[in-house]
Amino acid sequence: MSETVQAEKATLPSEEAVLYPPPAHVLERARVKSYEELYKESIENPEAYWEAEARELEWFKPWERVLDWQAPFARWFVGAECNITHNCLDRHVKTWRKNKLGLIWESESGETRTYSYFSMHREVCRFANVLKSLGVHKGDRVTIYMPRIPEQVFAILACARIGAIHSVVFGGFSVEALFDRIQDAESRVLITADGGFMNGKMVPLKSMVDQVAGRSPCLESVLVVRRTGEPVAMEAGRDYWYHDLAELPISQRPCPAESLDSEHPLFILYTSGTTGRPKGIVHVHGGYMVQVYTTLKNVFDLDDEDRYWCTADAGWVTGHSYIVYGPLLMGATMFMYEGAPTFPYPDRWWRLVARYGITVLYSTPTAIRGLMRFGEAWPDRHDLSSLRLLGSVGEPINPEAWRWYHRVIGKERCPIMDTWWQTETGGFMISPTPCVPLKPGTATRPLFGIEVDVVDDRGQSVEPGQDGLLVIKKPWPGMLRTLYKNPELYKEVYWSRFEGRYYSAGDSARKDKDGYIWVVGRVDDVIKVSGYRLGTAEVESALVSHPAVAEAACIGKPHPVKGNSIKAFVVFVAGFTPDDNTSEELREHVGKELGKIARPDEIDFVSGLPKTRSGKIMRRLLKAQELGLPIGDTSTLED
Ligand code: WT7
């Protein structure tokens, strides 16, 4: 077992924690009343379980086989044809849900917009027609770089509707990160907006796009949604206003959802890993649709009375699965908020919960910890009694934050669904359903049809209470199909550790005597900063791209709000003398290369880095030293 696992052991909350049984009002309406039975059944025959779930959705052509597993490559619902947007929109428009509110949106400055299922269907068809008029075809990649506005959702769905593959780049990412992702996906079209708003400030998205569009040979058109109304440069023949094209009669025509093979790619989403460059995770229409639908249904028990709010940005997988696709597959009413949680005051979220009568709130430990700092008076000013369930995702939630969330926000009547999953898994994997008794700090048990385990280096299950590696033992419908243009790397990163038998998640975990799974943290060179996933290699190469830096190493350090913060160690090129501004300059440089979230909190100037004899930086030594932990084995140290 690696030392990283050992080192973090002490911080894991007590497994003897008190159980929080489900309150009667939650249990009463829970779809799943008994976890054990259904779980057992689903694991005895996972294909039958998933097949029954798939039957709740509509398919243009039925499958011949549920699963074709040529490890580690899976095909689910083989031979079937479907389109995820048909199930998100058309399926509901045929029923009374046509007039149901699908989306309620509020901007930071307080504007609101609402859409029924009928009007969302219209918007998406129109958007899809505009994409077609720009020459976007089935299989083409489209990059989306948008603020958090309804059109972000419509743009995503519009791509899916015509079988184009969307690659959403979070609006907070830098120009360089956007550039890399456009190149890797070879996108022909980029969808953006003139700008967005965050924290009272305007984010000039279009002018950022202008810095990459000119040097991206694959890019033919830039489609611009008007959001801020600020003047922007439009290059004739390349840049188009969305509202101009949307007005054309050709855009008003019906746009039936393309009938697609269930394995047709739905999206690429880039995420950080051990390797230097972000990896393009590929998800497909059929299996992903089934998993996202089933998991949201079981975990958040959404029904027609609900008003569901996931606070993520649609630019992350949480937003893809549980803002865009999941709630619409369920025919639910969702709420979307454009701005910062503290704008203009730290009670903005609680104000929104009260104003819109939110029943299910799905957020992150880092946001909870951040809002906790402002004290209870802020939430206490608002009526939060509409809430029924709370959710958490992104990193382990520490019991202190869990209890605050449970007591102050949920008034001790809302169970917290701590959902463990990854960009790669497509949907929830380990999570309570509302009937499962909770312990603060654990995502509890695997969901139905999902077989997970905690194993040692040889792949043997470890005893309860022992640390090990988190693995998934059987394929699941929402699993990534490959890494874009790199199936070899897919095999190596996820399946090589146990010779193709198990999927390794890259997390360490421990199972307790009740079978609850406690995720400890990453075992690879990934750092979770405020729940965002960053690779040490990415941050290091951003630092090294600064002319003064010869070498760099980064580690994650526990942080009270962010979970982890980045500490960097840099070696300067010969002859460079740092001054008082150097640290800040390097931080800004990383911000420009990768995005603000990647900026190191601390930078130490050092004369050399600890390396193995083969020249690999030993980050664990830096970490052990920094945190005052045992240094461990140094036999491979060069010097
Ligand atoms: C990594 C995946 C999937 C949505 C957002 C993150 C960590 C995620 C939990 C949780 C403990 C968690 C893991 C995982 N993680 N949720 N509930 N408890 N850890 O997606 O960026 O792909 O990151 O986030 O370390 O491997 P992601």
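We count ligands from 1, going down the list as the structure has it; atoms in each ligand are counted the same way. If you're wondering where the values come from, they're calculated on a predicted model, not measured in any experiment.
For the residues Trp421, Trp420, Trp518, the heavy atom positioned nearest atom 3 (C) of ligand 1 is part of Trp421. Considering Asp507, Val523, Val519, Thr271 only, the shortest heavy-atom separation from atom 13 (C) of ligand 1 involves Asp507.
Residue contact annotation: Gly506 has no non-hydrogen atom under 4.0 Å from ligand 1.
When hydrogens are left out, the protein atom nearest atom 11 (C) of ligand 1 is Pro396 N, 3.1 Å; that is the closest non-hydrogen contact. At the top of the distance list for atom 16 (N) of ligand 1, counting protein heavy atoms only, stands Gly394 N, 3.1 Å.
For Trp316 and Phe170, the ring centers are positioned less than 6.0 Å apart. Ring-centre distance between Tyr35 and Phe448: below the 6.0 Å cut-off.
Residue-ligand proximity, Arg533 to ligand 1, at heavy-atom distances under 4.0 Å covers atoms 2 (C), 21 (O), 22 (O), 23 (O), 27 (P). For ligand 1, the atoms closer than 4.0 angstrom to any heavy atom of Thr318 are 4 (C), 5 (C). Atom numbering of ligand 1 starts at 1 in the shown order; those under 4.0 Å from a heavy atom of Lys528 are 1 (C), 2 (C), 6 (C), 7 (C), 20 (O), 21 (O), 23 (O), 24 (O), 27 (P). Proximity to Gln422 (heavy-atom distance under 4.0 Å) selects the following atoms of ligand 1: 2 (C), 3 (C), 14 (C), 22 (O), 26 (O). Close contacts between ligand 1 and Thr419 involve ligand atoms 9 (C), 10 (C), 16 (N), 17 (N) [criterion: under 4.0 Å to a heavy atom].
More than 12 heavy atoms of other residues, nucleotides or ligands sit less than 6.0 Å from atom NZ of Lys557.
Within the cation-pi definition used here (under 6.0 Å to the ring centroid, within 45° of the axis), Lys439 qualifies as a partner of Tyr516.
The heavy-atom pair separating Glu395 from Ser530 by the smallest distance is OE2-C, 4.2 Å. The two atoms that bring Tyr322 and Tyr308 nearest to each other are O-OH, 2.7 Å, heavy atoms only.
Only the backbone of Glu395 comes within contact range of ligand 1, with a heavy atom under 4.0 Å; no side-chain atom does. With a 4.0 Å heavy-atom cut-off, ligand 1 is reached by no atom of Ala443. Proximity of Ile397 to ligand 1, defined as any heavy-atom pair under 4.0 Å, is not found for any part of the residue. For Thr423, heavy-atom contacts with ligand 1 shorter than 4.0 Å involve the backbone as well as the side chain.
Between Arg277 and Glu538, no side-chain nitrogen of the basic residue sits less than 4.0 Å from a carboxylate oxygen of the acidic one, so the salt-bridge criterion is not met. Taking 4.0 Å as the cut-off between side-chain N and carboxylate O, Glu451 and Lys474 count as a salt-bridged pair.
Between Phe335 and Tyr337, the ring planes lie parallel to each other; the angle is under 30°, not in the 30° to 60° tilted range.
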Query raised in the report: Would Tyr362 and Trp309 count as a ring pair (Phe, Tyr, Trp, His ring centres under 6.0 Å) if you check the C-alpha gap in whole Å, the side-chain angles of each, and the deciding distance to 0.1 Å?
Result: CA-CA 6 Å; Tyr362 184 34; Trp309 179 17; over 10 Å; no
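Of the N or O atoms in Arg522, one or more lie within a sub-3.5 Å distance of an N or O in ligand 1.
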